[in-house]
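Worth knowing before you read on, the calculation uses all heavy atoms, side chains too, and leaves out hydrogens, waters and symmetry mates. Worth saying up front: this structure is predicted, and the values here are computed from it rather than measured. Below, chain A is the first sequence line, B the second, and so on; all start at residue 1.
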Amino acid sequence: MHKKLKFQFILLIALFAFSNGKAQFRISSYIDIGSNNVSDGIFLDAAGLASYQFGKNQFDAGFQLNLLQIENPFFSGTNFKYGREIQIKEFSFEIQALFMLNRFSEFMYEYDWGVLFKTEQKHFKYLFGPSFRTYAITHNGIDTYEIDPSNNLHENWNFMYLIAYNLKEVESDWNVGLTLTNIDYFIINQETNPIFNVHGSYKLSQPITLFAEAWYKSAGAFNLSVNYFGFFFRTGIIWKLDI
Amino acid sequence: METRYLKLIVFISVVLLLSSCETADLRSPFISYGQINERFEQSLEWNSVHPFREINVTSDNYTIFTMSDSHVGETVNLNTFINAAESEGAVAMVMVGDITTGNKDDFLDFKNNLPTTEIVPYFPLVGNHDLYFNGWEHYYQLFGSSSYLFTVKTPTAIDLYICLDTGSGTLGSEQLEWLEDILKNDRENYRSCVIFTHLNLFRPRFTASTNPLVEELHVLLDLFLRYKVNMVVTGHDHVRDTATFGNTEHIIMDALVDYNEDASYLRLVIKNGNLKYHFVDL
């Protein structure tokens with residue numbers, strides 16, 4: 001285990017050392033407030049995300065906190081992502097590897113890993129890729145309910161997607177747009193449960209951008225029997241720092 | 001380039017929508033005929049006038065027959081299922097949704113094929129197809145509630161069977177609260193607890209049909225573990241699957257519909273307090 005960590009650390013340093021081009025560090029923070037069919041009233045989550053881009057590589061990491069629902073874990077999620085930009089002639093895209101942990105219960109958790117293909121044009125952003133989900137029981141759950149520790153449940157080859165449209169180009173001082181997706185920072189829904197959001201951003205100054213999003217979730221759409229599921233509002237701030 | 005992508009997305013969406021227009025209600029992906037909370041209120045109203053059924057049996061061993069996705073229309077497999085339940089002396093039959101295609105005539109055909117409840121008590125639930133073409137109205141007129149429970153009382157124990165409506169892809173806030181209340185306050189009074197609902201919770205394979213959102217699944221899994229739900233019996237996916245998570249067995253049944261070459265139904269056998277299941281191929 002130590003050798004593996006050492007190797008990964010050396011690899012990381014090597015990537016830093018041998019990359020060229022400017023590096024950019026980005027921190028963002030947001031809160032979500034909303035309700036849905038299973039939230040038993042209002043839910044309030046907070047999240048912090050950090051991103052380090054150097055050359056064609058980017059590392060992202062984040063955490064989520066559950067602030068209101070006391071029966072669920074306070075530290076409710078974490079994610080890690082590595083992306084590499086690739087250029088083939090005039091077409092540039094990014095391949096991302098992601099890992100996500102969702103601690104939704106005192107006795108259970110879920111983790112997902114997957115690969116995303118990302119490309120952006122002037123007004124559109126697309127992400128597609130497979131993910132693999134595992135549900136597992138915590139040690140507390142295993143002890144309390146006498147469950148076989150190897151009892152996991154897997155859902156393989158879930159399809160992740162995100163299609164976003166922005167009114168203005170990405171680097172504009174302000175922007176509004178729409179997104180259709182089944183993924184968020186700390187949850188990946190099944191491909192047959194699309195979610196919609198309307199989003200906007202405003203650049204307060206060169207490094208600081210404010211953003212706000214309104215998300216709408218419905219159930220049953222792909223069963224041709226749609227039903228309201230939930231709504232939440234997200235607002236936050238992004239701080240970019242060129243190194 | 002962007003316009004081309006947009007056109008492709010629109011084209012794929014239209015193809016998907018029109019691909020099953022003969023049996024699919026094209027309005028319901030956008031505006032359904034009713035929401036789950038409204039149906040649940042009606043189910044509660046029905047339940048207040050029609051008490052939950054307690055089936056008394058003289059033996060500690062008994063059998064429940066259950067099926068899903070008969071999609072009446074055709075009734076050959078349905079009749080095979082019913083005849084088998086009668087001849088084996090099943091104490092109950094549970095029809096776990098997508099009983100019909102939502103058309104009124106299909107509901108009537110289904111009802112006309114059922115035995116009287118004195119022969120074998122039957123417990124239907126709605127699935128998404130049953131809600132098409134305003135099907136809930138027909139279902140409610142004929143069968144009433146789609147959110148209820150029944151019990152089986154043997155000389156030594158009582159077992160709890162909970163029937164839930166997931167025809168709209170979610171339990172809805174009120175039905176979930178009702179389920180939580182039953183599990184928190186009543187579960188301990190029963191030996192075993194089985195939940196029947198149409199939508200399969202897990203996705204063992206890639207399909208175009210949908211399941212409850214992951215957020216809802218999180219809440220349900222937690223409840224099932226905390227309150228020792230022994231088994232969850234579902235349909236919807238049309239292809240059988242079994243999985244155990246925590247202390248709960250999750251079963252997805254085959255579709256019973258006549259055109260399915262792999263049609264089957266499920267026998268739940270309760271013997272000496274143990275709950276076992278067997279798929280019976282047609």
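In this structure, no portion of A/Ile142 lies under 4.5 Å from any heavy atom of chain B. Proximity to chain B is limited to the backbone of A/Ser218, based on heavy atoms less than 4.5 angstrom apart. Heavy-atom distances place no part of A/Tyr109 under 4.5 Å from chain B, backbone and side chain included. Residue A/Asn182 does not touch chain B at all, counting heavy-atom pairs closer than 4.5 Å. For B/His250, no part sits under 4.5 Å from any heavy atom of chain A, backbone or side chain. For chain B, the nearby parts of A/Leu153 are the backbone and the side chain; heavy atoms of each come within less than 4.5 Å. For a residue to count as touching a neighbouring chain, one of its non-hydrogen atoms must lie under 4.5 Å from one of that chain's; by this rule B/Leu176 touches chain A with the side chain only. In this structure, chain A has no heavy atom under 4.5 Å from any part of B/Leu220. Residue A/Glu71 touches chain B through its backbone alone, counting heavy-atom pairs closer than 4.5 Å. For B/Arg226, the parts lying under 4.5 angstrom from a heavy atom of chain A are both the backbone and the side chain.
The backbone N or O of B/Leu213 lies less than 3.5 Å from no partner atom in the side chain of A/Asn189, so there is not a single donor-acceptor pair. In this structure a side-chain-to-backbone donor-acceptor pair under 3.5 Å is missing from A/Glu191 to B/Ala208. In this structure, A/Asn227 contributes its side chain and B/Ser168 its backbone to no donor-acceptor pair below 3.5 Å.
Atom CD of A/Glu106 sits in a crowded spot, with more than 12 heavy atoms from other residues, nucleotides or ligands closer than 6.0 Å. Residue A/Tyr202 qualifies as open at atom OH: its count of foreign heavy atoms under 6.0 Å is 12 or below. Residue A/Asp40 places its CG atom among 12 or fewer non-hydrogen atoms of other residues, nucleotides or ligands, all under 6.0 Å distant. The 12-atom threshold is not exceeded at CH2 of A/Trp113, counting heavy atoms of other residues, nucleotides or ligands nearer than 6.0 Å. At most 12 heavy atoms of other shown residues, nucleotides or ligands fall within 6.0 angstrom of atom NZ in B/Lys276. For NZ of A/Lys203, the number of neighbouring non-hydrogen atoms (other residues, nucleotides, ligands) closer than 6.0 Å is greater than 12. A/Gln87 CD: more than 12 foreign heavy atoms inside a 6.0 Å radius. The number of heavy atoms from other shown groups lying within 6.0 Å of CZ (B/Phe202) is above 12.
Interface remark: of the candidates B/Asn37, B/Leu225, B/Asn247, B/Leu225 forms the most heavy-atom pairs closer than 4.5 Å to chain A. In terms of heavy-atom pairs under 4.5 angstrom with chain A, the leader among B/Thr210, B/Leu199, B/Thr166 is B/Thr210. With respect to chain B, the highest number of heavy-atom pairs below 4.5 Å among A/Trp157, A/Tyr165, A/Tyr145 belongs to A/Tyr145. For chain A, the option among B/His236, B/Lys228, B/Gln175 with the highest count of heavy-atom pairs below 4.5 Å is B/His236.
For the atom pair NE2 (A/His154) and CZ (B/Phe245), the distance works out to 10.0 Å, reported to the nearest 0.5 Å. In this structure, OG on A/Ser39 lies 11.0 Å from CD on B/Glu216, to the nearest 0.5 angstrom. With rounding to the nearest 0.5 Å, the separation of CD in A/Glu155 from CZ in B/Phe206 is 12.5 Å. Note that CG of B/Asp222 is 7.0 Å distant from CG of A/Asn72, once rounded to the nearest 0.5 Å. The CZ atom of B/Arg203 sits 7.0 Å away from atom CG of A/Asn158, with the distance rounded to the nearest 0.5 Å.
In this structure, A/Phe104 and B/His218 have parallel ring planes: the angle between them is below the 30° cut-off, well short of the 60° mark.
Scanning all heavy atoms of the two residues, the minimum distance from B/Asn211 to A/Asn193 falls at O-ND2, 3.0 Å. Between A/Ser225 and B/Asn128, the shortest heavy-atom contact is CB-CB, 4.2 Å.
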Please test A/Asn37 against B/Thr170 for side-chain hydrogen bond (donor to acceptor under 3.5 Å, both in side chains), starting from the C-alpha separation and ending with a verdict. CA-CA 8 Å; A/Asn37 286 348; B/Thr170 172; 3.2 Å; yes

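Between B/Thr244 and A/Asp148 the shortest side-chain heavy-atom distance does not fall below 4.5 Å. The shortest distance between side-chain heavy atoms of B/Leu217 and A/Glu110 does not fall below 4.5 Å.
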